[in-house]
Amino acid sequence: MGVPLTWLLRRQELHLRLVAGRSGLHREVIWAHSIELADPAPWLAGGELVLTTGLRLPTSPGACADYIRRLAEAGVAAVGFGIGLTHEQVPAELAEAAEETGLVLLEVPLPTPFVAVTKAVMERLAEQQYEGVVQASRIQPRMTRAALHGGAQAVVRELAVSTGACVVFLDHEGKARAAHPPGTGIPADALTGARATDEAASAVSAGPDGVVALQQVRVGPRVHGRLALVADRTLTPADHLLLGHAASLVALEAEKPLRLRDEQNRVNAMLLRMLLDGTVEEAAALDHLTDAGFPVRDGIRVLALRGGSPRQALQAVGEELAERGLPLFGRVHDGCAAVLLPAGHGITAQTVTNGARARLRSRTWAGLSAVHQVTAGRAALTEALNAASVAHARASADVVGFESLAGHLLTAVPETRRLLESLAESRLGPLATYDAENGTDLLASLRTFLEHNGQWEAASTALGIHRHTLRSRMDRVQSLLGADLDSAHVRAELLLALSAWRGGCGRG
C-alpha cells in the first residue's frame, strides 16, 4: 500500500510538476525521504520519493546519469528535485537520464518546502491505513456469516475475495483442507520456512512467487494447522487483520467436534471411575458402552501408560482411538493414564501405544491387563498398573502384558525385588555358607524340593538321588534354618526368597 504518484501531482497546494518519466507514474510512494548525498542508494529500501536540492550532485560528465541509474536500481518510486537554491532549474542531463530509465522526476518549486511534501505523503498513508481498517471491519461480519453457513471453506473463499489473494488452509500435517481459488498451492520454500518456525504464531516470507503470510490456527494449546495467504504485492495491515480474524474463525470451526468429543470423554471418564469403583450396575455400564460405540461382546482390557503427563497421554490415546472410530474411556489413576480397550477388536494395544507416543514428547511405558468381563474392571486396572511398572523397570518399548508375567511379577518390580533380596540374604545365606564350606548341594536340593511342591518322589527323581538322601538333606536344611518345611507358609516364603537369590546354588 502506497501513495500513487498521480495523486501527489494532483495536490495543487504542492505545485509539483512532472519533468520526466511519465511511463513510471503507476508507481506508488511508501515513504518520502529528503537526502543530500552524492550516492544515497545504500540508504534506500525501495518505494521512496527521494527529495533533493542537488547540493552534492556531481557536475562531471555522465555523473547525473549515474546518479539516476543508482536510484532506479534501488527501486525508488520517484525523485523530487527542489529548484531555487542550488539549481535554478532541473538540470537537463538529470531529466534526460530520468526519461531514459523511466524514473519519475518531479520539480519542487522554491515556495514548497520538502516537509510539506513529506507531510502530504505521510498523512495520505495514514488515511489509507485507516480506510483499510474500516474496510476490514466491514468485511469481518461477512466473514463471520460465511463461517456460520459454510465452514472453513467459506471463510477461506471470503478472505481470498476480500484481499484479492490466494488462500489455503493447511492442517497440522501440511495437507490442504480448503483453498480459494480451487487448486491453489503454497510455494515449497514458504512451507519449509513455516516448518522451521513451527512454534511461531505467524510468519511472512517473500520470494519469486510473491508474498506468503502464514497464521497459526489454534485454540489454547491445540493447533489445527495454518492459514496461508499468497499475494503478488506487499501485504497491508488490513490484510493481516483479516488473516488473523479468518484464522480465529477456522479454529472455532475446527474446535466444534473436538469440544463435543471432549465433553463425551468427560462423561466416559466418570463411567469408567464408577466401573472401577464398582458403583455402577453391569446392565447400566453395558448400555452406556454400547451406546457410545464401544464393543464389549468379547470383554475388556485395561491399558496403563506410565511416564510424562498422564493427562497428555490420555489426550494422545483419545486422538488415536478417534481416528479408528472408537470412543475414549480413560482416567488418571496413581499417576498413570488408564484406558479401556475392547478385547477381540482389530486395534491392538501396541498400535495405540505407538500412535500415542508419536504425539507425545516424553517417554512412556505401557502395561496391558488380561481379558476381563466389564464387571471386573478393578482387577483389570490392577493388572495393567502392575504390568506398566514392569515395563518401566525393564525400560521396554513393547507393551508388557500381565499374562506374560506369570511367575515373574514380584521379582520384576524393583521395590518388591529389593525386599525379596533382603529376605533371601537372611534366609538362604546360612545354606550358601554351609554349601561352600562343606561342598554340599543344600540350596539346589531345597529349590527342587520346593518347586515340586514338597513331593519326595518327584523331587528326588529330578535330582537323581534316593528319596532317603533327599530327606536327610531337608533335615539338615531345617536344622540350619530353624524352619519347619512341613509348613506351607514357610515353604512359600523360602520359594520367594529363592526367586530373588543372587548368590548361586552351591555346586548345583
Practice item. Check whether any side-chain heavy atom of Val156 lies under 4.5 Å from a side-chain heavy atom of Val168, and answer yes or no. Key: no
Exercise. Would you indicate whether Gln373, at its atom CD, is surrounded by more than 12 heavy atoms from other residues, nucleotides or ligands within a distance under 6.0 Å?
Key: no
Shortest non-hydrogen pair, Glu383 vs Ala370, comes out as OE1-N, 2.9 Å
Original post:
Mind checking whether Glu48 and Ile30 have side chains closer than 4.5 Å, heavy atoms only?
Top reply: no
Any non-hydrogen side-chain atom of Leu229 less than 4.5 Å from a side-chain atom of Val212? no
Are a donor atom and an acceptor atom from the side chains of Ser472 and Thr469 found within less than 3.5 Å of each other? no
Problem - Polar contact flag, side-chain donor to acceptor under 3.5 angstrom, Ser445-Arg473 - result: yes
Residue pairs meeting ring pair (Phe, Tyr, Trp, His ring centres under 6.0 Å), one or both in residues 271-309, sequence neighbours left out, come to His288-Phe329, Phe294-Phe329
- Task: Please indicate whether Arg311 has more than 12 foreign heavy atoms, meaning atoms of other residues, nucleotides or ligands, lying under 6.0 Å from its CZ.
- Result: no
**Message:** Can you confirm whether the side chains of Arg306 and Thr364 place a donor and an acceptor under 3.5 Å from each other?
**Reply:** no
Hits for salt bridge (Lys or Arg N to Asp or Glu O under 4.0 Å) against Arg427, two or more places apart or cross-chain, chain-then-number order -> Glu493
dist Leu241:CG -> Thr236:OG1 (nearest 0.5 Å) comes out at 9.0 Å
_Just so I know, are the side chains of His224 and Val250 near enough to count as touching, which here means a heavy-atom distance under 4.5 Å?_
no
Scanning both residues in full, the closest heavy-atom pair of Arg138 with Pro141 reads O-CD, 3.4 Å
Nearest heavy-atom approach of Ala251 to Val219 is CB-CG2, 3.7 Å
Heavy atoms of Gly401 and Ala387 approach each other most closely as C-CB, 4.4 Å
| task | Taking the side chain as every heavy atom from C-beta outward, state whether Arg331 and Asn268 have any pair of such atoms under 4.5 Å apart. | result | no
| How about Glu281: does its CD atom have over 12 heavy atoms from other parts shown lying under 6.0 Å from it? | no
Give a yes or no on this: more than 12 heavy atoms of other residues, nucleotides or ligands lie within 6.0 Å of atom CZ of Arg476. no
The residue among Val339, Leu368, Leu321 that forms side-chain contact (heavy atoms from CB on, under 4.5 Å) with Val352 is Leu321
So CG of Leu431 and CG of Leu494: to nearest 0.5 Å the spacing works out to 8.0 Å
Q. Can you find a pair of side-chain heavy atoms, one from Leu272 and one from Leu340, that are under 4.5 Å apart?
A. yes
Item to complete: Could you tell me whether the side chain of Thr279 and the main chain of Leu275 form a donor-acceptor pair under 3.5 Å?
Response: no
Closest non-hydrogen contact found for Val211 with Arg233 is CG2-O, 3.4 Å
Hits for side-chain hydrogen bond (donor to acceptor under 3.5 Å, both in side chains) against Glu253, two or more places apart or cross-chain, chain-then-number order -> Lys256
Open item on the list: What I want to check is whether the side chains of Asp239 and Thr163 have a donor and an acceptor closer together than 3.5 Å.
Closed with: no
What one should report as the nearest heavy-atom pair of Cys336 and Leu385 is CB-CD2, 3.8 Å
### Query
Heavy-atom distance under 4.5 Å between the side chains of Pro342 and Leu326, does that happen here?
yes
Distance-only donor-acceptor hits, side chain of residues 478-485, under 3.5 Å, sequence neighbours excluded:
{"from": "Gln478", "atom 1": "OE1", "to": "Leu485", "atom 2": "N", "distance (Å)": "2.9"}
{"from": "Asp484", "atom 1": "OD1", "to": "Asp486", "atom 2": "N", "distance (Å)": "3.0"}

Pro310 side chain reached by Leu305 side chain, heavy atoms, under 4.5 Å: no
The reported gap from OG in Ser137 to CD in Gln140 (rounded to nearest 0.5 angstrom) is 7.0 Å
Residues at least two apart in sequence or cross-chain that pass side-chain contact (heavy atoms from CB on, under 4.5 Å) with Arg142, listed by chain then number, are Ile139, Arg145, Glu158, Ser162
Could you tabulate the donor-acceptor pairs under 3.5 Å formed by side-chain atoms of residues 453-467, not counting sequence neighbours?
{"from": "Glu457", "atom 1": "OE2", "to": "Arg467", "atom 2": "NH1", "distance (Å)": "3.1"}
{"from": "Ser460", "atom 1": "OG", "to": "Trp456", "atom 2": "O", "distance (Å)": "2.8"}
{"from": "Ser460", "atom 1": "OG", "to": "Glu457", "atom 2": "O", "distance (Å)": "3.0"}
{"from": "Thr461", "atom 1": "OG1", "to": "Glu457", "atom 2": "O", "distance (Å)": "2.8"}
{"from": "His466", "atom 1": "ND1", "to": "His468", "atom 2": "N", "distance (Å)": "3.0"}

